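The structure under discussion appears below in the form of structure tokens.
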Amino acid sequence: MDIAHFTGLDENPLLAGLRLTRTPEPAIMVIFGASGDLTQRKLMPALYNLTREGLLPAQFVVVGVARTEMDDTAFRAKMHAAVVEHSRSGDPTPIVWESFANRLFYLPLKTYDDTPSYDALSARLAELDTRFGVGGNRLFYLSTPPSVAGEIIDGLDHARLANTSNGWRRIIVEKPFGYDIDSSRALNGQLLRVFSEDEVFRIDHYLGKETVQNLLVLRFANAIFEPIWNHRYVDHVQITVAEQVGVEERGGYYDGAGALRDIIQNHGLQLLSLTAMEPPIDFDARQVRDEKLKVLLSVRMPGPVEAARQTVRGQYTAGIIGGAPAPGYGEEPGVKPASTTETYVAMQLELETWRWAGVPFYLRTGKRLPKRATEIAIEFRSPPLILFPTASLGSVRPNLLVINIQPDEGVSIRFEAKVPGQTMWMRPVYMDFRYGATFAEQQPEAYERLILDALLGDATLFTRADEVEAQWQIIQPILDGWQHAPPPEGYPAGSWGPARADAFIEAGRRRWRRL
Ligand code: BG6
């Protein structure tokens, strides 16, 4: 039931209490990088939808900051267009938009290291705080490349904006969180010099996805899965983040990052952690993140040469997607024509824990694959003996539990069933739960959930400093090994990745799922 639409809300103290606990205190949210792509595609639609659903207080103010020259009016018009184009709720309702836009402001910075700009920001925030009766709380959002994060943190420090003499201060930091282990440590160092860890919210939007959170509910609010969630029953796990899109307008960023940094280091390893973690003793930021950290620390990483051997890299070449021709990666805007950046990675990880010893976790991600599909597939061991003479052991497909994260959100279980008739024929059938078919409610966007959590001070779904560092400990040997490995193998856009990816998993007598 959607609590907000429950008509007896005010009469029911329990439900009223639930809603109250999710309403944050007044605050000013300052978005650095406000003229950028993420602000338009994700942040503004999320803020607008939170406003529309009455989840933000009336004294909530947003200030966009970037280097582009613009005034408040132009910024509001640009953000309106962004909400029209990207919001899940369609065109904004005029009265809601007006109330939101009246509290939406813009301030151009000369450069991110220009200290007078931060003094001007400080003065503007003080003025808006008084005008709207905010009371001092500030949420800073770094939607900027990691190269300027240090300058912004220094600027905030210079203007004493990170100072908590009244109200709270929090900072959300977008991915990529560093470029390698050293730069991520340096960024953590810069942040923690000015903010304390409980004020820092490193965002990974996959954690805000409803189905990712449902993985925790599936595992820890049901009794039937946990007993078989281990090496005694599970043969292997496949985590796939497949994208149909190419690099779009982000060639410049992507060419310096690649699929390993862009997806595996954060989203891929988060999905791995949530799948493999032990039950936390509480559902709170400390306990959940402690358990996820243990998974990352348990990943056995060999030296660079061997680490590179546990991976396959690919780069898309020209091909056909959905019936239309698609250019090769080297022809994308912003990409160096002779680039060796990978747009596909497949890898195998082993966890050294009692629960998972000997169970391979296969991760793969790629751009320009035939379809968009993110899922976690747990393949179970085969039955020890097949009793039915009409079936050979090889023809019985093992049980499979698939958590579909997107786009067909749901959970499905594959098992063998008898084909009706006089013979004991069998074939695999599926039990399917589909979010869309079961729940009438629209799923909130990941950024809505995460911005609200940050405003509420709940860091459960954000990445802690030690977790980020443990992620990089896994990634760094691979990056080092790739320095001396052959370049990525080409795969035509619209195919399921390089041929070597198949040989790679088949060497372990498994196959990639056909999605
Ligand atoms: C981002 C990556 O973090 O995630 C993008 O930088 C990628 O390259 C995107 O396309 C995928 O997110 P989603 O929510 O569409 O699966």
Side-chain angles (χ1 to χ4, degrees), residues 33 36-43 45-46 49 85-88 141-147 172-179 184 201-215 239-272 274 314-316 321 326 329 332-335 339 341-345 363-376 403-410 435 442-451 461-463 468 471 475 493 497 515:
D37 192 53
L38 186 82
T39 305
Q40 295 176 60
R41 295 170 81 92
K42 299 289 182 189
L43 306 186
N49 281 316
E85 190 175 349
H86 300 293
S87 164
R88 68 180 166 89
Y141 197 119
L142 303 198
S143 174
T144 43
S147 52
I172 302 183
V173 187
E174 254 304 331
K175 67 171 279 264
F177 197 87
Y179 180 78
S184 81
F201 292 71
R202 297 170 195 80
I203 203 163
D204 181 320
H205 79 281
Y206 265 55
L207 291 176
K209 290 184 189 272
E210 283 285 312
T211 27
V212 173
Q213 292 161 53
N214 189 47
L215 172 59
I239 298 178
T240 303
V241 181
E243 295 190 274
Q244 203 181 39
V245 292
V247 292
E248 302 182 292
E249 308 82 40
R250 298 162 70 230
Y253 147 75
Y254 193 90
D255 205 33
L260 185 68
R261 291 185 179 92
D262 186 50
I263 297 282
I264 300 285
Q265 181 269 327
N266 35 76
H267 310 326
L269 292 180
Q270 285 291 356
L271 296 179
L272 170 84
L274 294 171
Q315 187 190 79
Y316 62 81
I321 291 249
Y329 176 71
E332 299 278 17
V335 170
S339 168
T341 297
E342 79 289 353
T343 60
Y344 176 99
V345 191
L363 275 70
R364 64 175 163 164
T365 186
K367 292 211 183 269
R368 287 287 193 221
L369 300 185
K371 64 189 278 201
R372 177 175 186 237
T374 300
E375 62 155 53
I376 300 164
I403 295 123
N404 294 294
I405 292 175
Q406 58 192 25
D408 302 317
E409 292 87 353
Y435 254 89
Q442 236 195 11
Q443 300 198 13
E445 282 275 340
Y447 278 93
E448 294 172 32
R449 167 69 194 244
L450 295 175
I451 291 172
L461 299 177
F462 292 84
T463 316
V468 157
Q471 291 173 335
I475 299 303
L515 304 176

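Atoms within each ligand, like the ligands themselves, are counted from 1 in listed order. Reckoned from all heavy atoms, side chains included, excluding hydrogens, waters and symmetry mates. Remember, predicted model here, so these are calculated numbers, not experimental data.
In this structure, Asn404 has no side-chain hydrogen bond (donor to acceptor under 3.5 Å, both in side chains) partners at least two apart in sequence or on a different chain. Scanning for side-chain hydrogen bond (donor to acceptor under 3.5 Å, both in side chains) contacts around Ser339 gives Asp255, Thr341, with sequence neighbours left out. Applying the side-chain contact (heavy atoms from CB on, under 4.5 Å) rule to Glu409 yields the partners Thr211, Gln406, Tyr435, Gln443; only residues at least two apart in sequence or on another chain are considered.
Taking the ring axis of Tyr344 as reference, the NZ or CZ atom of Arg364 does not stay both within 45° of it and closer than 6.0 Å to the ring centre.
A 4.5 Å side-chain heavy-atom check between Pro444 and Glu210 finds at least one atom pair inside the cut-off.
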Mind listing the N or O contacts between ligand 1 and protein, cut-off under 3.5 Å?
residue, atom, partner, partner atom, Å
ligand 1, 3 (O), Lys175, NZ, 2.8
ligand 1, 3 (O), His267, NE2, 2.7
ligand 1, 4 (O), His267, NE2, 3.4
ligand 1, 6 (O), Lys175, NZ, 2.9
ligand 1, 6 (O), Arg250, NH2, 2.8
ligand 1, 6 (O), Asp262, OD1, 2.6
ligand 1, 6 (O), Asp262, OD2, 3.4
ligand 1, 8 (O), Arg250, NH1, 3.0
ligand 1, 8 (O), Asp262, OD2, 2.6
ligand 1, 8 (O), Lys367, NZ, 2.9
ligand 1, 10 (O), Glu243, OE1, 3.4
ligand 1, 10 (O), Glu243, OE2, 2.5
ligand 1, 10 (O), Lys367, NZ, 3.2
ligand 1, 12 (O), His205, NE2, 3.2
ligand 1, 14 (O), His205, NE2, 2.8
ligand 1, 14 (O), Lys209, NZ, 2.6
ligand 1, 15 (O), Arg372, NH2, 3.4
ligand 1, 16 (O), Tyr206, OH, 2.5
ligand 1, 16 (O), Gln406, NE2, 2.6

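Here the closest heavy-atom approach between residue Thr374 and residue Ala242 is recorded as OG1-N, 4.5 Å.
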